[in-house]
Number of protein chains: 2
Amino acid sequence: MIGMTPPTPRNARRSDALSRGRIVEAAIEVLDATGEAGLTVRSLTAHLSTGRGAIYHHVANKEGLLASAADDIVGRVTAGAGDDEDPEQSIRLLALGIFDAIDAHPWVGTQLSREPGQPAVFRIWKSIGSQLQRLGVPGPARADAGSALVNYILGATAQYAAGPRRVTSDPDRKAYLDDLAARWAQHDPDPIVQDAASHLPEHDDRAQFLAGVDIFLTGITARG
Amino acid sequence: MIGMTPPTPRNARRSDALSRGRIVEAAIEVLDATGEAGLTVRSLTAHLSTGRGAIYHHVANKEGLLASAADDIVGRVTAGAGDDEDPEQSIRLLALGIFDAIDAHPWVGTQLSREPGQPAVFRIWKSIGSQLQRLGVPGPARADAGSALVNYILGATAQYAAGPRRVTSDPDRKAYLDDLAARWAQHDPDPIVQDAASHLPEHDDRAQFLAGVDIFLTGITARG
DNA sequence: GGAAGTTTGGACCGCTGGTCCAATTTCAAG
DNA sequence: CTTGAAATTGGACCAGCGGTCCAAACTTCC
């Protein structure tokens with residue numbers, strides 16, 4: 001009978017012990033390989049050749065696992081970003097580092113928009129804050145400036161991660177953008193829309209992201 | 001036997017006909033009342049006193065339903081925002097309108113970060129773009145400026161919607177922020193963190209959001 | 001050597017979004 | 001007024017999800 005506790009040969013303890021670190025590492029591998037939707041507790045257990053209970057013994061829930069995975073990726077960026085001589089340049093490099101990390105791991109982009117209190121977001125806040133301090137932005141204004149920049153970065157990367165993201169081949173990407181432009185143009189005869197749609201295929205996400213950072217930096221220094 | 005097609009008295013056609021509009025309306029009611037997690041196809045059918053198949057006859061899937069619901073809310077904002085004499089002021093009012101809408105309907109904030117091509121995001125792009133044009137920002141720079149503003153607005157509102165959001169009573173809100181500040185301060189002895197944590201309880205999300213809009217506007221006009 | 005404690009994995013649970021189809025109503029054609 | 005085709009409805013059903021639970025197996029320590 002299938003419902004009863006079966007006398008199957010029960011599990012032996014693994015030689016390569018499970019740990020939270022190994023689980024997070026495996027989760028990142030699965031996320032990178034199959035995307036956010038591809039990470040299920042089942043696919044993770046399969047990847048680790050283990051059972052579900054074993055995972056929940058080390059991790060509270062899937063949400064915490066995603067937060068840890070995102071924190072891991074963001075941590076590599078913030079740790080790698082040193083203090084350039086020019087604080088403005090440090091901010092640019094930090095922002096680009098996050099952009100590139102999310103280009104490589106799109107699931108991080110959506111994850112960061114979910115829970116503001118999570119460690120990964122906290123890391124970004126801290127890095128931005130310290131550069132703004134070096135830049136000489138005074139206390140009260142610094143909170144506004146930091147908030148603006150962090151929210152811009154999170155918003156831009158989330159949109160980018162959810163969109164065309166890593167359409168590797170140029171033809172595919174062009175086809176996607178052409179299609180999007182066509183849908184917009186067809187949907188709305190407004191000249192602004194037509195104009196925007198016509199420029200869409202030639203635009204560069206990364207350059208546009210950086211342009212946004214520069215607009216912000218101009219705004220900060222012009223108000224200082 | 002329960003598995004067989006039962007000879008139960010079968011359904012009569014409803015007097016109040018179902019339509020896509022009615023379904024979207026009901027979805028907004030459920031979302032406002034019980035939050036994003038509270039909207040399931042089942043809760044929606046219960047609210048409409050109907051069955052699942054009836055809904056899928058009018059709506060492709062839940063994703064499309066959420067996009068329509070968000071578009072409905074955003075549409076009210078962009079329609080209500082007229083052209084102020086000062087285009088900068090129009091942008092401020094538009095941004096605040098979106099902020100307030102997401103304050104009232106937090107689920108919209110998370111929805112907008114999901115699919116960049118969705119109609120609601122398109123609406124925001126269009127409104128911002130037309131104000132930037134009135135502001136005299138030239139073509140190539142307009143795309144960068146619009147992208148910066150839209151991404152800032154989406155990022156800020158998404159973070160706000162996912163965070164303390166509408167903690168109505170002041171004591172609750174203070175308790176939440178105190179707790180968050182304590183967790184940060186305890187987690188990290190860095191003076192920047194300590195300073196930020198100490199200012200946290202007294203900060204005003206809406207004012208900070210507007211300050212961010214002003215930073216970007218300053219940057220856009222200073223570069224013009 | 002044996003008891004105590006930890007790690008493991010799979011059965012199980014309640015729930016989800018989505019499909020499918022018989023029953024029913026509507027409405028136009030004859 | 002009859003009738004049959006088309007449109008609408010609602011619930012049974014499915015595969016899959018995150019999470020709980022616990023007996024079996026392995027470690028460790030006395």
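All values derive from a computational prediction rather than experimental measurement. Below, chains carry the letters A, B, ... as their sequence lines are ordered, and counting in each starts from 1.
With rounding to whole Å, B:Leu44 atom CG is found 10 Å from C:dG17 atom P. Rounded to an integer number of Å, the gap from NE2 of B:His57 to C1' of C:dT25 is 13 Å. Rounding to whole angstrom units, CG of residue B:Leu18 and P of D:dT9 are separated by 5 Å. Rounded to a whole Å, the CZ atom of B:Arg20 is 15 Å from the P atom of D:dT8. When the P atom of C:dC13 is taken as reference, atom OH of A:Tyr56 falls 17 Å away, rounded to whole Å. One can place CD of B:Glu36 at 11 Å from P of C:dG17, the figure rounded to the nearest angstrom. Atom CD1 of B:Ile55 and atom C1' of C:dT19 are 14 Å apart (whole Å). Rounded to whole Å, atom P of D:dC21 lies 15 Å from atom CG of A:Asn61.
Residue B:Leu65 is out of contact with every strand shown, counting any heavy-atom pair closer than 4.0 Å.
Mapping A:Ala60 and A:Thr40 onto DNA chain D by nearest heavy atom places A:Thr40 at the nucleotide closer to the 5' end. Between A:Ala54 and A:Arg42, the residue anchored closer to the 5' end of DNA chain D is A:Arg42, taking for each the nucleotide with the nearest heavy atom.
The aromatic ring centroids of A:Phe209 and A:Tyr160 lie 6.0 Å or more from each other.
Contact of A:Arg52 with D:dG18 (side chain to base): no donor-acceptor pair of N or O atoms is detected under 3.5 Å.
Side-chain polar atoms of B:Arg114 and A:Ser113 form no donor-acceptor pair below 3.5 angstrom.
Annotation: the span from B:Leu65 atom CG to B:Gln111 atom CD amounts to 9.5 Å, rounded to 0.5 Å.
The aromatic rings of A:Phe216 and B:Phe216 sit tilted, their planes meeting at an angle between 30° and 60°.
A sub-4.0 Å separation between OP1 or OP2 of D:dT9 and a side-chain N or O of B:His58 is present.
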